[in-house]
Amino acid sequence: MEANPLNDPLLKGLTAAQQSAVLHVDGPLLILAGPGSGKTRVVTHRIAHLLRTGIGPQRILALTFTNKAADEMRRRIERLAPGKQVWMSTFHRFCAKMLREHARLVGLRENFTIYDTSDSQSALKRTLEAIDFDPGHFTPQQIAHHISWAKNNLIPAAQYQPRPGHPLGAVTAKIYPSYQQTLLTANAVDFDDLLLHVAMLLRENPEVRTMLDARFRYILVDEYQDTNLAQYAIVRALSMDYPNLAVTGDPDQSIYGWRGANLSNILEFEHDYPDVAVVRLEQNYRSTKSILRAAASLIAHNKRRKEKDLFTDNGEGDPVRLTTYVTNREEAGAIAQTIADALRAGTRRPRDFAVFYRVNALSRTFEFAFRDAGIPYQIAGGVEFFQRMEIKDVLAYLRLLNNPSDDEAFLRVVNNPPRGIGKTSIKRLAEYAVPRRQTLLEAARSAGAVDGLAKKAIASIGKFVHLIDTLAHLAMKEIEELMGHVLVESGYKGHLKESETAEDDERLANIEELLTVAREFDEQHPGDGHLEEFLEQVCLVNDTDVLDGEDDQVTLMTLHASKGLEFPVVFLSAVEEGLLPHERSREHPDEVEEERRLFFVGMTRAQDELHLSMARYREFRGQRRLTVPSQFLMELPVSEFERNEAAIRVWTTFPGEDAPHSDKHDGIDHAHDGIDEHAEIDEHGAAGGDDAEDLSFDVASFDAKKPAPPTAASDEPEYREVGQSARGERIFRLTTAAELHAPAGVQSPEPGIAPEVFHQGMVVRHPDYGIGKIMALSGAGQRRVATVAFPTVGQKKFILAASVLRPVKS
DNA sequence: ATTCGCAAAGTTTTT
DNA sequence: CTTTGCGAAT
């Protein structure tokens, strides 16, 4: 080992903190790594360091959450220490391997099938039917989710106890054991079982635990903040005799609490391993100072965290931009326009940009905008290849060959293509199989003995069984060849070819694609008999792994999907109450903290430019809604942002001229609406706000369109005349929903709250401006006036007796 | 066995 | 506005 860091390629260019992590060999290690802090570099260099101290590669295990992360790590290790085969994989893949070795210990056979989410759901529904249980108003999905929760929390079916007074728990208690039996009969596991079985196996078989603990002397866990209790137990069990456990993570980036990730695992790591070495990586190499400052300011509002001092030597950069658009279409259009301009100017390429949103449903507007603007884009997480019907069908044949007990696979293929085995016949088979704890294929073999089966059905079933047996002889062949036989001999391909629809043509193309996947697998796994491996490979893979910087396109994705990535320019859209934080988190403070972390993750993806935006009116689920700015905006240093407020716009016309049209396609060139063309008006019609003095007029943007006739009850925003300027021009502004829904002249749908309720420093909510803080109060009684600071629009004055301000409980 | 129509519900989703 | 699931109808 080299002593001088300057000459050591593994230490060169690293900070003292990073070096200490790289050089750490024995004992527990906690690396608290802020966003963009060079974590992957530290981790890979540390593994390379372990290797060169003479530790065998087979003694090292690195666990990640995604295939992508594992692949990236493997790639970098290969560069640092060529030829060393360190075991790097996802938790689930690792557990699948362990479980194959010890399947018998949990009542499985080593050729078990891994059910994906839809297989599991279908198995659950089948179980409900089989035990003839009516879950009342609970959906199978809710029950599945709750079973998943139990598994993530290390509660096996036998130990599940419903909490008193919890109806869903009571229902789950009835179904969970039966569902497990269904899986066991099918020699199958769901995703959660992979972890649960291994955790239980380690707990109940000390000799196995001891052996594996000794086998994996050096364990490394990435994204430790996202581990759930089962993963925690597994890691813990493997690090008792050899507690050389290194975990990396950032409590501030934990965004999978809703899936059972337990933030306590990382927060309490020092408690679990008292002699832990803690390394904090707080220097950020990714973002500008202004971006980092904003992100740090936001996350500081979380309670459950470890204080971190993020800093960077990078430049100050452009200020973070916060823009309020009138509608989501304008938001998307303006973002597309901004990108198009940069592309035209040649300063950026498409792959430099990313657009984030909280929910997938918001992607649509962007798709249209990008298509219109002719900007190449890709969306993370569309309809996934391996979820397609035809792919699942073909794979189901292979699954059934590998594991004849796989009932889900049987059901999928038994009458596909149609061979005259209808619903009734299948029902009879199931009725025969379930009480005997037989698999459906076993029952099919004794079809003659099954009550109530028609002669024709018995013959068809016999033919199907024969087909499977014939194909089973080929199961040891290479995957591509096997798949070819399946496609032809099952008649699946022929059935698709017969039909002439474009849809089926596409399916055939997808099947060709699957054959290519098989061919590639064969090339990587020379020789026969890798069917099980192939199936495991394809069911533990996610197509978003394919999505990376290969293509030069703008990337559209959810905030969740953005974790671990970085982009020069990030647009973070729809920063609105109900979306960020999401509606469903409102009740629980913990969940609001997770939403804040989600926002933090999104912001810290940006290298050079961060653009936050919101729309005053958002079309969502077919409805146009007035939005409220996100409460998180209050926690950002908005005073140093570049703010563009386009929400409440003032148009003026000279006497005799027409007012602007309120239709969205009104001919007004919104793309050119800038801050200096508009000013704000408070609800009393008086100019106010920071920019009031700069009120300027935009006569040029009017065309000859007629103003919309005032309609009584409409959700459409419209332009209303609100007064005259000193020069006699008519002033219009876009109405707010509060006005639209209230009779004219009435400001508030409900009477004002007694003015004396308000006090300085109180947090209040305004229907248009969102959440703000009372900065000052003056006057008394009916004339009492509050000065309120809002994150998006600055300070506003309100006569309390008449205003729609409401105190916010906090 | 497919197709049609209507009702209901619609965070996020590494595996 | 979608997508999805179920039941009825061809």
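Everything numeric here is computed off the predicted structure, so don't read it as measured data. Each chain gets a letter, A, B and so on, in the order its sequence line appears, and its residues count up from 1.
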Find the distance A:R93:CZ to B:dT15:C1' and express it as a whole number of Å. 9 Å

With centres under 5.5 Å and planes under 30° as the test, does A:H582 stack with B:dT11? yes

Would you call A:K151 and A:Y176 a side-chain contact if the rule is heavy atoms closer than 4.5 Å? yes

Report which part of the nucleic acid A:Y256 touches: base, sugar-phosphate, or nothing (heavy-atom distance under 4.0 Å, all strands). base

For B:dT11 and A:R621 - does any side-chain N or O of the residue sit under 4.0 Å from the phosphate oxygens OP1/OP2? yes

Let me spell it out: for each of A:H495 and A:E595, pick the nucleotide of DNA chain B with the closest heavy atom. Which residue's pick is nearer the 5' end? A:H495

Distance between P atoms of B:dT13 and C:dT4 (Å, rounded): 15 Å

Could you tell me how far apart A:R625 (CZ) and B:dG10 (C1') are, to the nearest whole angstrom? 12 Å

What is the separation between atom CZ on A:R584 and atom C1' on B:dA9, rounded to the nearest whole Å? 10 Å

Can you tell which of B:dT12, B:dT15, C:dT2 lies closest to the side chain of A:N360? B:dT12

A:R259 atom CZ is separated from B:dT11 atom P, nearest whole Å, by 16 Å

C1' gap between C:dT3 and B:dT14, integer Å: 24 Å

Rounded to whole angstroms, how far apart are CD1 on A:I379 and C1' on B:dT13? 17 Å

Please report the distance, rounded to the nearest Å, between CZ in A:R364 and C1' in C:dT3. 10 Å

Starting from C1' on B:dT14, measure out to CZ on A:F386 and report it in whole angstrom. 16 Å

On DNA chain B, check which nucleotide each of A:N415 and A:F191 is closest to and give me the residue with the more 5' one. A:N415

Hits for side chain to side chain contact (heavy atoms under 4.5 Å, CB included) against A:P417, two or more places apart or cross-chain, chain-then-number order -> A:Y397, A:R419, A:Y492, A:H495

Look at the side-chain N and O atoms of A:T558 and state whether any lies under 4.0 Å from the OP1 or OP2 oxygen of B:dT13. yes

Which nucleotide in the set B:dT14, B:dT15, B:dA1 lies at the smallest distance from any side-chain heavy atom of A:P418? B:dA1

What nucleotide among B:dT11, B:dT15, B:dT12 has an atom nearest to a side-chain atom of A:W258? B:dT12

Within 45° of the ring axis of A:F356 and under 6.0 Å from its six-membered ring centre, is that where the NZ or CZ of A:R605 lies? no

Tell me the interatomic distance from A:K125, atom NZ, to C:dG5, atom P, rounded to whole angstroms. 6 Å

Is it the case that A:R259 places NZ or CZ above or below the six-membered ring of A:Y256, under 6.0 angstrom from the centre and within 45 degrees of the axis? yes

Only one of A:D119, A:D393, A:D406 forms a side-chain hydrogen bond (donor to acceptor under 3.5 Å, both in side chains) with A:R412, so which one is it? A:D393

Please state whether the base of B:dT12 and the side chain of A:R358 form at least one donor-acceptor pair under 3.5 Å? yes

